[in-house]
Amino acid sequence: MRDAWRRRITPRATAPPRVRIMRTDRKTPASILALVVGLCGLTMALGYFNKARCGGAPFAPDGRSLNFDVNKNIDVCYSDIQLLWLGRGIDQHLFPFVTGGITPEGFLTGGTVEYPVLSGILMWLGGIGSHTDTDFLLHSALILAPFGLLTAWMLGKMSGAYALVWSATPPLVLYAFHNWELPVVATSVGAIFLMTFERIPLRTRAVLAAVILAIGFCLKLYPGMFVLPLMAYVLLRGTEGKRYDVRGALMTAGAAIVTVVLVNLPFALISYEGWRASFSFQEKRSADITTNSVWFWGLRPFYGFGVRELNADYDALVSILSPVMILLSFALAMYLGWRRYVRDGYFPWIAVSAAMLCGFVLLHKVNSPQYTLWILPFLVLFKIRWFWIVAYLIADAALGIGIFRYFYQLDMNLDPSKYEAVVQASVWGHVILLAVFFFLFLRVPLRYPLAGGTDQIANSDNNLPTHSREHA
């Protein structure tokens, strides 16, 4: 019985399939890299000027542009960066989390912000020398832009001209400076890029990648989920003739945990209330009209309350269903990755990470439009058909523009039905496409599979057969 079970789960070692691997010795022409990075810079410049339309003189005494509240929705130039100039201590140049906390009603006070500590640091840095919300937008853009360029360069190195999906599409115009997303995207791409360096021992790569992902967790949380499939990849690669590399997997997990603790501990020790408030804010946040979530547009109508009303029973149910469904999606992604391991002899950690991200964005109670920037790198890396990519970009543009026009109609007491239809169509389009991507990422190969060429180097990590090397 035991031998039969073992035969079922042991990866097939005979007649190895034609495997698609990722290596760094693929030469992307310098002209392509220059195009990818240059267009990324141009697109981000357009993004900045789009957001800057909401700011400028005259200013209120607190530095708020008087036309911000007037133009933010009708001109589709709203940004969280300009909005949060006030209310988070940035205009007062308060160091984040050291002072403040959260009220029972869920309002932040002092220098506390709603994001993890490293994003708070970036916000504080953008506020240095700023006296108005337009100063803050400009300084923040200058801080964020290098991360966008770095992401473009890494994607160009790994996927060539397909990196233009990142560099030259509408999401970068709409969201590059909408919030503080570019650094966290750079960490998720950076970890994948580091893992392609086959000349570095696998354990070392995995530990360093886990550190990068943990830094991403301290920026916007989501890269932290990628540590789990990375651990599984290291575990199932084996080492020194053993089937499983338990020590390597534990080292990977330990590196991530230690990094998160080292980054967060000083803030928690100085002001636990201020540090904890950022997490409490997200826990208390309602899945309301601003979240664009499947919960608001799918579950709320059954409760029968209006789009600008709140309902405690609805919020309580979403607070339970959302994390449970997210965890189930993670388990499904890991299970499907395990099946790939049983079938093909490798655990596709990048594909599992992409699927987990789709599950998170789809089922979280907040689905902000700028989360598209999280998804785009995986559309670059994987051989997704253009039909799906274009459909996603159209749905995203419809949501990114339509939601603010919808808010304008509501604010002005105008008939919002047209834009509400646009928003609903784009939200459900997102839902369908994210569900499709969840499974596609686990089925399709990377765009640039390269076979052979470094077998001895790759196999020197663990003395594994060629078909067990680095995969998606």
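The CG atom of L194 lies 5.0 Å from the CD1 atom of I212; values are rounded to the nearest 0.5 Å. Here S167 contributes atom OG and Y162 contributes atom OH; the two are 15.0 Å apart, rounded to the nearest 0.5 Å. To the nearest 0.5 angstrom, L236 atom CG is 14.0 Å from W349 atom CH2.
Between the Y314 side chain and the A287 main chain, a donor and an acceptor come within less than 3.5 Å of each other. Looking only at distances, a side-chain donor or acceptor of R447 sits under 3.5 Å from a matching main-chain atom of F382. Checking side-chain atoms of T112 against main-chain N and O of L108 turns up no donor-acceptor pair under 3.5 Å. Of the possible donor and acceptor atoms, one in the side chain of H93 sits under 3.5 Å from a partner among the backbone N and O of G127. Remark: the backbone N or O of Y392 is not paired with any side-chain donor or acceptor of D396 at under 3.5 angstrom. Of the possible polar contacts, one joining the R205 side chain to the I200 backbone as a donor-acceptor pair under 3.5 Å is found. Put simply, the side chain of S278 never gets that close to the backbone of G274: no donor and acceptor are under 3.5 Å apart.
Sorted by first and then second residue, the pairs that involve residues 255-289 and meet ring pair (Phe, Tyr, Trp, His ring centres under 6.0 Å), not counting sequence neighbours, are F97-F267, Y272-W275, W275-F279. Counting only residues at least two apart or on different chains, no side chain to side chain donor-acceptor pair (under 3.5 Å) pair has a member in residues 324-336.
Among all heavy-atom pairs drawn from A255 and A210, the shortest one is CB-CB, 4.3 Å. Closest approach of L144 to L182, counting heavy atoms only: O-CD1, 3.6 Å.
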Decide side-chain contact (heavy atoms from CB on, under 4.5 Å) for W388 and L379; before the verdict, give the C-alpha distance in whole Å, the side-chain angles of both, and the deciding distance to 0.1 Å.
-> CA-CA 9 Å; W388 298 113; L379 298 182; over 6 Å; no
Test log, rule side-chain contact (heavy atoms from CB on, under 4.5 Å), inputs N264 and C218 = CA-CA 8 Å; N264 283 273; C218 297; 3.5 Å; yes
Take E273 and I102 through the test side-chain contact (heavy atoms from CB on, under 4.5 Å) and record every step on the way to the result.
-> CA-CA 8 Å; E273 182 181 355; I102 189 169; over 6 Å; no
Derivation of the side-chain contact (heavy atoms from CB on, under 4.5 Å) call for F441 and I384 | CA-CA 8 Å; F441 285 134; I384 303 295; 4.0 Å; yes
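L235 pairs in a side chain to side chain contact (heavy atoms under 4.5 Å, CB included) with only one of the listed residues (V246, T252, L250), which is V246.
Taking the centre of each ring, W124 and F95 come in below the 6.0 Å mark.
With hydrogens and angles left out, the side-chain atoms of S293 and N367 include no donor and acceptor closer than 3.5 Å.
Taking 4.0 Å as the cut-off between side-chain N and carboxylate O, K284 and E105 do not count as a salt-bridged pair. Electrostatic pairing of K365 and D315 does not count as a salt bridge here, judged by no charged N lying under 4.0 Å from a carboxylate O.
At least one test fails for K157 against the ring of F193: distance under 6.0 Å to the centre or angle within 45° of the axis.
Residues satisfying the side-chain hydrogen bond (donor to acceptor under 3.5 Å, both in side chains) criterion with D288, sequence neighbours excluded, are T290. Looking at residues two or more places apart in sequence or on another chain, you find a ring-ring contact (aromatic ring centres under 6.0 Å, His included) between Y371 and W374. Listed by chain and residue number, nothing satisfies the side-chain hydrogen bond (donor to acceptor under 3.5 Å, both in side chains) test with T204 (two or more places apart in sequence, or in another chain). Contacts of H139 classified as ring-ring contact (aromatic ring centres under 6.0 Å, His included), with partners at least two apart in sequence or in another chain: none.
Heavy atoms of other residues, nucleotides or ligands lying less than 6.0 angstrom from CZ of F107 number 12 at most.
Note: F136 and W85 have tilted aromatic rings, judged against thresholds of 30 and 60 degrees for the angle between ring planes.
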